[in-house]
Enquirer: 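One structure is given below, represented as structure tokens, and several questions about it will come after.
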Amino acid sequence: MSRALELLGPDGPLAAALERYEARPGQLAMARGVERALASDRIFLCEAGTGTGKTLAYLLPALLSGRRVVISTATRALQEQIVAKDLPLLAGALGVDPRATLVKGLGNYLCLRRYDEFRRSLEVDAPHRSAALAALDAFRETSQSGDLGDLASLEEGDPVRLSVQSSSETRRGAECHHYDACFVTRMRREAEGARIIVVNHHLFFADLALRGPHPGRVLPDYDAVIFDEAHQIEDVATTFFGVRVSESRFEHLLGDLERSAAGPPGLGGQSGPGVIAIARQTQETAAKLFQCLRSAAKVGDGRVRMDAEVWAGETLALYHRLDGHLEGLGAAASALSGTLASGQDSGSARQGAARSDGLYLAARRVQTLRDDLATIVEGSPGRITWAELGTRAAALTSSPVDVSTILRERIFESIPSVVLTSATLASGKSTSAEAFSYVRARLGLDRGRAAEATEELVVESPFDYGEKALLYLPKDLPEPTDAGFTERAIERTADLVRLTDGGCFVLSTSIRGMKALHRGLGQRLRGRLLLVQGQASKASLIADFRTDRRAVLVATMSFWQGVDVPGDALRLVVIDRIPFPVPSDPLFQARGEALEAQGGSPFKELAVPIARMTLKQGFGRLIRSEGDDGVVALLDGRVHRKGYGRLVLSGLPPAAQTTDIEEVRRFWERRGPGAIR
Ligand code: SF4
């Protein structure tokens with residue numbers, strides 16, 4: 001018998017150690033698949049419905065494999081659950097040492113070099129910084145891990161935190177004067193001694209993109225990787241194999257550079273003013289370039305494709321001027337770094353060496369920024385350039401249109417064992433040979449070694465959806481493209497909210513839809529807590545929603561997945577439209593064009609599978625644990641009227657369906673008010 005089966009089975013140590021432990025056939029099947037993949041260098045693709053117990057199903061074989069396994073998840077909550085709860089539980093039941101560690105992105109750790117530099121800068125004299133600085137000083141003295149997440153008073157995005165956190169760009173590596181005492185060095189050493197390394201997808205792909213002797217790399221070599229929430233990896237890989245130049249990237253780089261160039265008052269720094277002058281010219285020209293692009297694009301906060309024609313006339317002239325400044329800045333920063341390192345500048349040797357390090361890194365960052373801008377402006381085959389040019393933030397991005405080749409080469413043909421799992425991975429009928437055809441094509445699993453070495457499994461959720469959930473699909477609302485749709489959708493949502501007395505997520509496919517729903521529901525549902533995405537952090541919105549049993553939360557895409565509200569607090573999910581990708585989205589367009597060029601259909605092979613998986617994610621918010629029940633409403637009548645309607649719905653769990661709101665009322669009455677199972 002497989003070792004995993006023996007341990008997870010009804011007579012195993014887990015059953016003996018845990019009260020209410022239940023051996024689940026789906027979980028056992030998945031554990032066997034993971035075990036085979038790890039033992040025989042294979043790839044395992046597994047869709048595991050909610051409630052399968054998939055975390056234990058991959059952790060146990062990973063623990064037993066004796067190999068170094070990286071576990072990559074989408075959310076911090078899941079990483080913490082694995083390290084703080086699941087692994088100790090398994091290790092305790094089995095009597096083994098898990099040798100596991102959690103590795104966070106570099107931005108979570110305090111960089112001692114940057115901290116010292118910041119401490120010496122004039123900025124520390126600003127009175128509004130004094131509280132943050134006092135907290136940071138105490139943290140630097142007492143923290144064992146350097147994890148800035150433990151410093152609650154310094155939120156992500158705080159300018160002080162941005163000035164002292166580590167990053168692949170600002171990391172000096174072994175030549176750094178702080179290298180031995182450095183928190184990142186300590187974390188890397190821990191990872192080298194670990195068997196199980198838990199990371200998030202962002203860190204995994206950032207590390208993968210830097211493979212080689214780069215000081216920003218944090219993961220040691222590993223034998224296997226297990227991706228949980230694997231449906232997100234195409235998007236994350238697109239980000240990390242792309243390049244992005246934002247206005248804030250200029251601001252941070254030039255701010256750091258000025259800090260190093262200026263030096264402490266009265267100590268050295270006489271060669272700095274020249275560098276500072278060029279940095280300021282660079283900043284001005286960058287601001288002009290973004291302003292010019294903003295007026296040319298007129299897109300507000302959306303994404304816009306940047307064709308080659310954008311780079312002409314004034315924009316091109318500004319780009320060339322900016323490139324010239326960057327070239328001059330890199331050379332000046334490098335020269336000053338050299339002068340300081342050789343001790344020719346006045347000031348103490350230690351100060352000079354620290355400034356030299358800062359300038360050396362800044363010069364390296366200037367060169368990378370220059371290269372990235374050139375990639376964006378000149379374009380390159382297989383990439384698309386797009387921009388977000390909002391009033392508050394602006395960025396230019398060059399993304400690979402297709403990441404399947406990169407993933408195939410860097411993951412599936414390079415890492416011996418790979419497991420991909422999620423509650424939404426299959427795009428066809430779970431029993432059909434095509435169940436995973438979409439994900440295979442998108443991730444490059446349909447070619448080369450992966451085509452042969454991949455095993456597939458769909459594990460249905462053990463929850464009784466027929467009994468616990470009702471899918472309401474009204475037929476009487478106008479088409480979502482009709483002018484009257486929003487008003488009728490608001491009315492119907494309000495009716496449903498009254499019926500369940502709240503406990504409702506309203507999920508919209510667009511920001512505009514979300515705002516209209518929020519406004520309309522505000523007028524109809526007075527006296528009820530109505531929350532909307534963006535009014536507070538995601539965590540605080542969810543906390544408020546949980547506390548107030550009658551609340552309604554209106555949100556868009558970031559609440560469709562990774563949000564877990566088990567129990568009675570969430571009993572109604574209303575979805576306004578089928579979640580097709582936005583047709584004007586530059587990446588979606590470019591991917592569609594690439595498919596068309598190969599004779600494929602962008603609608604059937606891209607838009608429908610994406611909608612099907614996203615809808616399944618949205619539906620999945622409702623039932624998170626055994627006792628949950630409730631209603632999902634999809635207000636988009638195209639599921640009845642269009643040929644693709646059945647296909648889009650076919651991925652959903654087997655809940656009973658109705659088109660009649662009276663049937664929803666009866667379902668709710670049978671359930672009984674305030675039932676908490
Ligand atoms: S080694 Fe890197 S992260 Fe550590 S203190 Fe030096 S620059 Fe900062």
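Atoms within a ligand are numbered from 1 in the order they appear, just like the ligands themselves.
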Enquirer: Backbone, side chain, both or neither: what part of C176 comes under 4.0 angstrom of ligand 1, heavy atoms only?
Expert: side chain

Enquirer: Check the pair R113 / E117 against salt bridge (Lys or Arg N to Asp or Glu O under 4.0 Å), numbers first and verdict last.
Expert: CA-CA 6 Å; R113 181 189 64 74; E117 197 163 54; 3.7 Å; yes

Enquirer: Among protein heavy atoms, which sits nearest to atom 7 (S) of ligand 1, and what does the distance come to when rounded to 0.1 Å?
Expert: R172 N, 3.3 Å

Enquirer: Closest by any non-hydrogen atom to atom 4 (Fe) of ligand 1: pick that one out of S168, G358, A174, C182.
Expert: C182

Enquirer: To which protein heavy atom is atom 1 (S) of ligand 1 closest, and what is the distance rounded to 0.1 Å?
Expert: R171 NH1, 3.2 Å

Enquirer: Under 4.0 Å from ligand 1, counting heavy atoms only, is it the side chain of R113, its backbone, both or neither?
Expert: both

Enquirer: Distance to the ring centre below 6.0 angstrom and angle to the axis at most 45 degrees; does that hold for K104 and Y109?
Expert: no

Enquirer: May I ask you to list the atoms of ligand 1 that are less than 4.0 angstrom from any heavy atom of S166?
Expert: 3 (S)

Enquirer: Parallel, tilted or perpendicular for F139 and F183, by the 30°/60° rule?
Expert: tilted

Enquirer: Pull out every atom of ligand 1 sitting under 4.0 Å from any heavy atom of C111, numbered as shown with elements.
Expert: 3 (S), 5 (S), 7 (S), 8 (Fe)

Enquirer: Give the numbers and elements of all ligand 1 atoms closer than 4.0 Å to a heavy atom of H178.
Expert: 5 (S)

Enquirer: Which value, rounded to the nearest 0.5 Å, describes the distance between Q81 atom CD and L87 atom CG?
Expert: 10.0 Å

Enquirer: Taking the side chain as everything from C-beta on, heavy atoms only, tell me whether S404 gets closer than 4.5 Å to L443.
Expert: no

Enquirer: Would you call the rings of F205 and F227 parallel, tilted or perpendicular if under 30° counts as parallel and over 60° as perpendicular?
Expert: parallel

Enquirer: Report yes or no: does T170 have a heavy atom closer than 4.0 Å to ligand 1?
Expert: yes

Enquirer: Have D116 and H177 got a donor and an acceptor in their side chains that come within less than 3.5 Å?
Expert: no

